[in-house]
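Here the structure comes first, spelled out in structure tokens, and everything after it is commentary.
Whatever order the structure lists ligands and atoms in, that order sets their numbers, starting from 1.
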Amino acid sequence: MVLSTGNTKTRTAVFISGTGSNLKSLIKFSKTTKSPISIDFVVSNNSKAKGLNYAKLYKIKKKILNFKNKNISENKLLSILKINNIKLICLAGFMKILSKNFIKKFKGKILNIHPSLLPKYKGLNTHERALNNNEKYSGCTVHFVNSKLDSGKIVLQKKVKISKNETEASLAKKILVQEHKLYPKAILKVFSL
Ligand code: GAR
């Protein structure tokens, strides 16, 4: 895989918008010997994102960009990522849509985790929609990012059973536990391709 750089870990940036529990699990994974990546940069569009605390805790460089003007924010970001020699981007609860131009510059090098069994329930409010449709199962998906929302090639998925009295909150929690396991597995898979 083009991402692999021999013995050294691939320098990776994680983009977040909120809690950052996936960021935390990726940082923990990155510190294991089997990890092909190191987390060297955290990007957030939200200055109040709780996940930014992990950047502080683990002494990882960070950048907050508000994305009010997407073009300006993305151009700044591209130069920062270049300066920091970032070769892989992991979106982890990042709630902004990256432009075609940005994605082209990191073609095949952006991964995303989404809280549904894609291609079902692209976009927002996945748990609410799955429950309203009386689905028996939901889950999470790690996929490559292309220019169409939540539509890139799927790397791995994990299915979870929806219980009788499931609520949006309980389903989100259940799926998040699986997300934390799935993202590292998907990264290992991507590097073995
Ligand atoms: C996760 O469930 C992730 O799959 C989802 O946001 C949550 C972030 O949690 N992402 C999306 O909905 C992207 N469209 P976290 O901040 O604790 O990792």
Side-chain angles (χ1 to χ4, degrees), residues 12-31 35 37 39 41-58 60 62-65 67 70 74 88-100 102-103 106 110-133 135 137-162 166-187 189-190:
T12 301
V14 181
F15 288 18
I16 62 165
S17 299
T19 315
S21 69
N22 276 292
L23 166 64
K24 185 184 173 196
S25 102
L26 288 176
I27 294 172
K28 293 217 156 146
F29 168 66
S30 75
K31 295 187 180 299
S35 169
I37 65 162
I39 309 292
F41 217 93
V42 174
V43 173
S44 176
N45 64 297
N46 170 13
S47 61
K48 297 203 169 74
K50 263 177 70 186
L52 285 169
N53 291 327
Y54 296 117
K56 199 173 172 194
L57 187 66
Y58 292 96
I60 301 168
K62 63 172 187 296
K63 181 76 187 173
I64 298 151
L65 288 158
F67 276 76
K70 196 185 274 193
E74 285 188 345
L88 175 70
I89 295 172
C90 292
L91 307 183
F94 184 63
M95 302 314 257
K96 292 282 173 187
I97 296 172
L98 296 165
S99 73
K100 278 189 182 148
F102 186 96
I103 293 167
F106 270 87
I110 310 178
L111 294 171
N112 180 40
I113 189 152
H114 183 77
S116 79
L117 293 173
L118 291 172
K120 279 192 166 179
Y121 309 114
K122 296 172 183 175
L124 299 174
N125 308 317
T126 54
H127 309 312
E128 184 189 356
R129 289 186 284 145
L131 291 175
N132 286 343
N133 283 344
E135 296 282 2
Y137 295 93
S138 188
C140 45
T141 305
V142 174
H143 64 95
F144 284 102
V145 171
N146 66 9
S147 55
K148 275 198 187 158
L149 183 69
D150 299 328
S151 299
K153 196 171 184 294
I154 291 172
V155 181
L156 276 182
Q157 291 189 307
K158 177 72 184 177
K159 211 163 143 180
V160 307
K161 204 170 176 353
I162 296 180
E166 203 78 74
T167 63
E168 264 179 63
S170 67
L171 184 57
K173 207 169 156 187
K174 206 152 117 181
I175 290 176
L176 208 47
V177 172
Q178 296 307 323
E179 289 186 36
H180 300 156
K181 297 180 192 164
L182 192 70
Y183 220 156
K185 268 194 198 163
I187 288 169
K189 182 171 174 192
V190 160

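Atom numbering of ligand 1 starts at 1 in the shown order; those under 4.0 Å from a heavy atom of T19 are 16 (O), 17 (O). Shown in contact with S21 at under 4.0 Å from a heavy atom are these atoms of ligand 1, numbered in order with element: 15 (P), 16 (O), 17 (O), 18 (O). Distances below 4.0 Å separate heavy atoms of M95 from the following atoms of ligand 1: 11 (C), 12 (O), 13 (C). Within the listing of ligand 1, atoms 6 (O), 8 (C), 10 (N) sit less than 4.0 angstrom from a heavy atom of G93.
Within the 4.5 Å cutoff, no side-chain heavy atoms of K24 are placed close to those of L57.
Nearest protein heavy-atom neighbour of atom 11 (C) of ligand 1: P115 CD, 3.7 Å. In this structure, the protein non-hydrogen atom closest to atom 14 (N) of ligand 1 is H114 ND1, 3.8 Å. Looking only at protein heavy atoms, the nearest one to atom 16 (O) of ligand 1 is G20 N, 2.7 Å. Here the protein heavy atom with the shortest distance to atom 4 (O) of ligand 1 is E179 OE1, 2.8 Å.
A donor-acceptor contact under 3.5 angstrom links the side chains of N45 and S17, judged on distance only. At a cut-off of 3.5 Å, with distance as the only test, no side-chain donor of H114 or T126 sits close to an acceptor on the other residue.
Not one N or O of G18 is nearer than 3.5 Å to an N or O of ligand 1, by distance alone.
Interatomic distance, OG of S138 versus CD1 of I175, reported as 3.5 Å (0.5 Å rounding). Here the straight-line distance linking atom CG of L117 with atom CD of Q157 works out to 5.5 Å at 0.5 Å rounding.
Residue K158 qualifies as open at atom NZ: its count of foreign heavy atoms under 6.0 Å is 12 or below.
Residue contacts with ligand 1, taken as heavy atom pairs separated by less than 4.0 Å, involve L176 solely via side-chain atoms from C-beta onward.
Taking a 4.0 Å cut-off on heavy atoms, G51 fails to register as neighbouring ligand 1. Within the structure, the closest approach of I16 to ligand 1 does not fall below 4.0 Å when heavy atoms are considered.
Tested against F144, the residues N112, L111, I103, I154 include a single side-chain contact (heavy atoms from CB on, under 4.5 Å) partner, L111. L52 pairs in a side-chain contact (heavy atoms from CB on, under 4.5 Å) with only one of the listed residues (N46, I64, V43), which is I64.
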